[in-house]
Amino acid sequence: VKANALLADNDHDALILLGDLNDVVDAATTQFLKGPGSSEINNKRAFNRPDQGNDTRLWNLVHLIPASRKYSRKYKGTGELIDHIFVSQELLPGNPRRLPEVDCHVDGIGDGLPVVDDNPGARLGEAASDHAPVTAVFEL
């Protein structure tokens, strides 16, 4: 609701919404941020089609991460992507729209990502995060 309020009737200010959403890309809680079905940045037909007046759409950039790196933590040994970057169309100008460089730095944490499980206290006192940073680089 806050993102919609920031973008309503606004075609010049951009918005980036990012963080640990604690849900994977296809979870209902993550999907409601992206808008109507087929609103994935990797769906070229839908992505480059005008949005019939909806200027509040956010695009999830995690679809641009290479498949082999598409995880931001390891839960019980399995990679899952629960950290997301959503951006408004103002950050993706052009026709076709320019896409940013996006990556999940799964190798950027010392010896790699630790594996977590259902015990929330298992990593108590650990200095390193159990999440890999997800980054995007924009050409403005």
Side-chain angles (χ1 to χ4, degrees):
V1 170
K2 181 65 174 177
N4 285 341
L6 290 170
L7 292 173
D9 300 318
N10 176 359
D11 62 355
H12 57 280
D13 291 333
L15 177 68
I16 300 174
L17 184 148
L18 58 112
D20 172 4
L21 300 184
N22 264 352
D23 260 325
V24 294
V25 174
D26 57 354
T29 52
T30 305
Q31 286 188 2
F32 83 83
L33 289 171
K34 77 169 180 69
S38 302
S39 295
E40 288 86 17
I41 202 165
N42 59 343
N43 180 334
K44 293 189 186 338
R45 184 171 170 228
F47 178 62
N48 283 307
R49 186 175 57 231
D51 214 11
Q52 297 186 12
N54 179 3
D55 66 345
T56 60
R57 178 172 290 183
L58 293 173
W59 300 94
N60 194 342
L61 299 185
V62 299
H63 295 289
L64 302 177
I65 298 171
S68 64
R69 300 173 67 83
K70 200 176 282 192
Y71 63 95
S72 58
R73 81 168 188 168
K74 288 186 178 178
Y75 175 69
K76 295 184 177 181
T78 301
E80 60 182 8
L81 187 64
I82 62 173
D83 301 272
H84 303 268
I85 301 174
F86 287 86
V87 300
S88 62
Q89 63 190 14
E90 292 80 15
L91 286 166
L92 309 168
N95 189 11
R97 296 180 185 174
R98 286 196 315 262
L99 298 177
E101 177 185 322
V102 183
D103 197 3
C104 188
H105 298 275
V106 297
D107 51 3
I109 301 177
D111 294 329
L113 286 172
V115 176
V116 297
D117 59 23
D118 293 328
N119 179 358
R123 297 197 70 249
L124 193 61
E126 294 288 332
S129 173
D130 61 351
H131 290 242
V134 179
T135 62
V137 177
F138 297 90
E139 182 182 323
L140 302 176

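Residue numbers count from 1 along this sequence.
At least one side-chain heavy atom of Trp59 sits less than 4.5 Å from a side-chain heavy atom of Leu92. Considering only heavy atoms from C-beta on, Val25 comes within 4.5 Å of Leu81 through its side chain. Contact of the Lys76 side chain with the Asp118 side chain is registered, since non-hydrogen atoms from C-beta on lie closer than 4.5 Å. Contact of the Pro100 side chain with the Val137 side chain is not registered, since no non-hydrogen atoms from C-beta on lie closer than 4.5 Å. The shortest distance between side-chain heavy atoms of Leu61 and Phe138 falls below 4.5 Å.
Interatomic distance, Leu99 CG to Leu91 CG, rounded to the nearest 0.5 Å: 12.0 Å. For the atom pair CG of Leu18 and CZ of Phe86, the computed distance is 10.5 Å after rounding to the nearest 0.5 Å. To the nearest 0.5 Å, atoms CZ (Arg69) and NE2 (His105) are separated by 7.0 Å. One finds the OG atom of Ser129 at 7.0 Å from the CZ atom of Arg123 (value rounded to the nearest 0.5 Å). Within the model, atoms CG of Leu7 and CD of Gln89 stand 8.5 Å from one another, a figure rounded to the nearest 0.5 Å. Here OG1 of Thr135 is found 12.0 Å from CG of Asp83. Values are rounded to the nearest 0.5 Å.
For Leu113 against Asp130, the heavy-atom pair with the smallest separation is CD2-O, 3.8 Å. In terms of heavy atoms, Leu58 sits closest to Ser88 at CD2-N, 3.7 Å. The two residues Ile85 and Val134 come nearest to each other via the heavy atoms CD1-O, 3.6 Å.
In this structure, Val115 is not a member of the same hydrophobic cluster as Val106, with clusters built from ILVMFWY side-chain heavy atoms closer than 4.5 Å. Note on Leu21 and Ile82: separate hydrophobic clusters, where clusters join Ile, Leu, Val, Met, Phe, Trp and Tyr whose side-chain heavy atoms are under 4.5 Å apart, directly or indirectly.
Note on residues 14-25: pairs passing side-chain hydrogen bond (donor to acceptor under 3.5 Å, both in side chains), not counting sequence neighbours, are Asp23-Thr29.
Applying the 6.0 Å contact sphere to CD of Glu126 captures more than 12 heavy atoms from other residues, nucleotides or ligands.
Here the rule is salt bridge (charged side-chain N to carboxylate O under 4.0 Å, His left out) with Glu80, and of Arg73, Lys74, Lys70 only Arg73 fits it.
The hydrophobic cluster containing Tyr75, built from Ile/Leu/Val/Met/Phe/Trp/Tyr side-chain heavy atoms closer than 4.5 Å, also comprises Val116.
A donor-acceptor pair under 3.5 Å is absent between the side-chain atoms of Ser72 and the main chain of Ala132, judged by distance alone. Formation of a donor-acceptor pair under 3.5 Å by the Thr30 side chain with backbone atoms of Val24 is found in this model.
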Report task. Give the intermediate values and the outcome of side chain to side chain contact (heavy atoms under 4.5 Å, CB included) for residues Ile41 and Leu64. Result -> CA-CA 8 Å; Ile41 202 165; Leu64 302 177; 3.8 Å; yes
